[in-house]
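The structure displayed is predicted, hence computed values, not measured ones. For ligands, and for the atoms within them, numbers begin at 1 and follow the listed sequence.
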Amino acid sequence: MAVAEKMNRFIEKSSWIRKMFEEGARLKKIHGEDKVFDFSLGNPNVPPPDIVAEKLLELIRKKDPGLHAYMPNAGHFSTRSAMSAYFCREFCVSMAQDQIVVTCGAAGGLNIIFKALLDPGEEVLCPAPYFVEYNFYVDNHGGVLKSVPARRPDFDLDLEAMEREIGPRTKIVLINSPNNPTGQVYPEETIARLGKILEAKSTQFGHVIYLVSDEPYRKIVYDNCCVPCIFTHYANSLITSSYSKDLSLPGERIGFVALGPAAEDGPKIIDALTLANRILGFVNAPSLMQRLVEELQGVCVDVSIYKAKRDRLVQALSGFGYELTVPRGAFYLFPKSPLPDDLEFIRLLHEENILCVPGSGFGGPGYIRIAYCVHDATIEGALPGFERAIKRCGNM
Ligand code: PLP
């Protein structure tokens, strides 16, 4: 066989994604792009703020001789300094530039964290539902992903269940807030309690259990919601984030990992993260993008645009009878599927030319994910179809 057996299995496992794309392409071909309402992808539709293009032009015109050269694998010194200064301002934690590694997005960040921390067979525990790529990222580095269902209906962490599931092989607890696919943000109190559990479990098992927080949606929050900083609640923690969503630059592959200032063996962990950046073949994050985000710390797309879309969908779908918890961040809604089988309901939505993702794909069966980072016309055009689809469920 040409392709490795494991990759064949992975291709098979992720084939529902391909099937969804194929179905979307088929429907668009028959009905035309504007008659198909695509809520399947988390690709921000809001353009980057104007200052992004202005700064890019400025940078290119400057003709800095080092702009396109190799650099230290952890990133430009000046970029890391700007990022750590922002961290200090934003979270009131003392953070030095050498506690930051610049990465190819949050995806690159997660991969270097797993490469740096996991020995073969060690476990990463995360709440379900979760971002589907975690399975592959953890496997890339010989780890095993285990999940624990989040609480219903608010999708907060089920701390008692997590505590039960942490065992001698657990090396990392991975959280994602604001969450994809649920849009929920874990409250400060939950993070504080999780920190205490991890301290006790690390002592019990005689090794550090790391807390990793995946935060590419950190700035996309609503209703004065604030994402707590894990560093103030647990020493041995790492944050990875990116500029994919808050600057709408997902194709440019730029993000970072920040190590908690009080983490044990800090310099060793940073060395391992830096080497992982190099030997995984990223080498370093794209240079031009590093220079760009260096100057745009704290800048964000206009979040009120996403909020208006969230509010419109929440109001309309609730009115039609969909059960949902109002998400406090990201740009996803995760309503209960009106049919017990979410795949069957997704097929019903296809008949209305609406594309969403089944919760089963995220380890959250019985729900559907609606990515509302789309044009308002897509939302308005889809609403009658969402209404007809739930009404049909009543007649089945
Ligand atoms: N983590 C989560 C939860 C995501 O939703 C995504 C992208 O959608 C990523 C990580 C990867 O983000 P990036 O583009 O920064 O690599």
Side-chain angles (χ1 to χ4, degrees), residues 14 17 20-21 38-46 48 52 75 83 100-115 124 126-138 140 145 147 150 155 157 172-186 211-221 227 230 238-258 273 276-277 280-282 284-286 289-290 292-293 296 300-301 306 327-334 356-357 359 361-364 369-374:
S14 56
I17 300 178
M20 223 177 53
F21 281 131
D38 191 347
F39 298 91
S40 63
L41 276 183
N43 209 1
N45 77 304
V46 175
V52 167
M83 287 176 170
I100 303 252
V101 176
V102 194
T103 62
C104 294
L110 289 167
N111 272 278
I112 67 167
I113 291 171
F114 297 151
K115 177 83 175 168
V124 176
C126 78
Y130 56 88
F131 181 48
V132 64
E133 305 301 80
Y134 290 165
N135 282 308
F136 303 115
Y137 298 165
V138 170
N140 282 346
L145 186 75
S147 65
F155 296 103
L157 299 179
I172 293 173
V173 168
L174 170 63
I175 58 174
N176 163 223
S177 177
N179 187 270
N180 176 9
T182 68
Q184 294 309 323
V185 175
Y186 304 128
L211 176 60
V212 174
S213 188
D214 177 23
E215 304 183 352
Y217 304 94
R218 168 173 275 281
K219 294 202 194 78
I220 304 186
V221 282
V227 182
I230 59 168
L238 299 99
I239 293 173
T240 185
S241 188
S242 76
Y243 304 88
S244 295
K245 316 288 175 174
D246 56 37
L247 285 181
S248 285
L249 295 173
E252 303 297 350
R253 315 309 307 133
I254 183 75
F256 65 87
V257 170
L273 292 167
N277 229 8
L280 285 174
F282 301 126
N284 55 250
M289 287 302 130
Q290 291 197 40
L292 174 72
V293 299
L296 298 177
C300 185
V301 293
Y306 290 128
R328 300 198 299 157
F331 34 57
Y332 306 108
L333 281 191
F334 201 60
C356 297
V357 186
F362 300 92
R369 190 194 76 169
I370 303 172
Y372 58 83
C373 44
V374 296

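A distance of 10.5 Å separates OH in Y243 from CG in L249, rounded to the nearest 0.5 Å. Rounded to the nearest 0.5 angstrom, Y137 OH and D214 CG are separated by 8.5 Å.
Comparing E215, R253, E133 against atom 16 (O) of ligand 1, the shortest heavy-atom distance belongs to R253. Nearest-residue assignment for atom 4 (C) of ligand 1 (options Y217, Y243, Y134; heavy-atom criterion): Y217.
Near P216, the atoms of ligand 1 lying under 4.0 angstrom from a non-hydrogen atom of the residue are 1 (N), 2 (C), 10 (C). Interface of A107 with ligand 1, defined as ligand atoms under 4.0 Å from a residue heavy atom, comprises 11 (C), 13 (P), 16 (O). Near S244, meaning under 4.0 Å from one of its heavy atoms, ligand 1 places the atoms 13 (P), 14 (O), 15 (O). For ligand 1, the atoms lying closer than 4.0 Å to a non-hydrogen atom of G105 are 15 (O), 16 (O). Close approach of ligand 1 to S242 (heavy-atom distance below 4.0 Å) involves ligand atoms 15 (O).
Under 4.0 angstrom from ligand 1, the non-hydrogen atoms of K245 all belong to its side chain. Under 4.0 Å from ligand 1, heavy atoms of A106 appear from its side chain as well as its backbone.
Checked by atom type and distance alone, the side chain of S177 never pairs as donor or acceptor with a backbone atom of N179 at under 3.5 Å. Judged by distance alone, the side chain of N277 and the main-chain N or O of V102 form a donor-acceptor pair under 3.5 Å. A donor-acceptor pair is defined here as one N or O able to donate and one able to accept, closer than 3.5 Å; such a pair exists between the side chain of S241 and the backbone of E215. Remark: side-chain polar atoms of R328 are paired, donor with acceptor, to backbone N or O of V185 under 3.5 angstrom.
By the 3.5 Å distance cut-off applied to N or O atoms, Y332 is not counted among the residues near ligand 1. Below 3.5 Å of separation, one finds no N or O of N176 facing any N or O of ligand 1.
Scanning the protein heavy atoms around atom 9 (C) of ligand 1, the nearest turns out to be F131 CE2, 3.5 Å. In terms of protein heavy-atom proximity, atom 1 (N) of ligand 1 is nearest to D214 OD2, 2.6 Å.
Side-chain contact, N135 with Y130: a donor N or O sits under 3.5 Å from an acceptor N or O.
Note: Y306 and F331 meet the aromatic proximity criterion, with ring centroids under 6.0 Å apart.
Between Y217 and Y332, the angle of the ring planes goes over 60°, which puts this pair in the perpendicular group of the 30/60° scheme.
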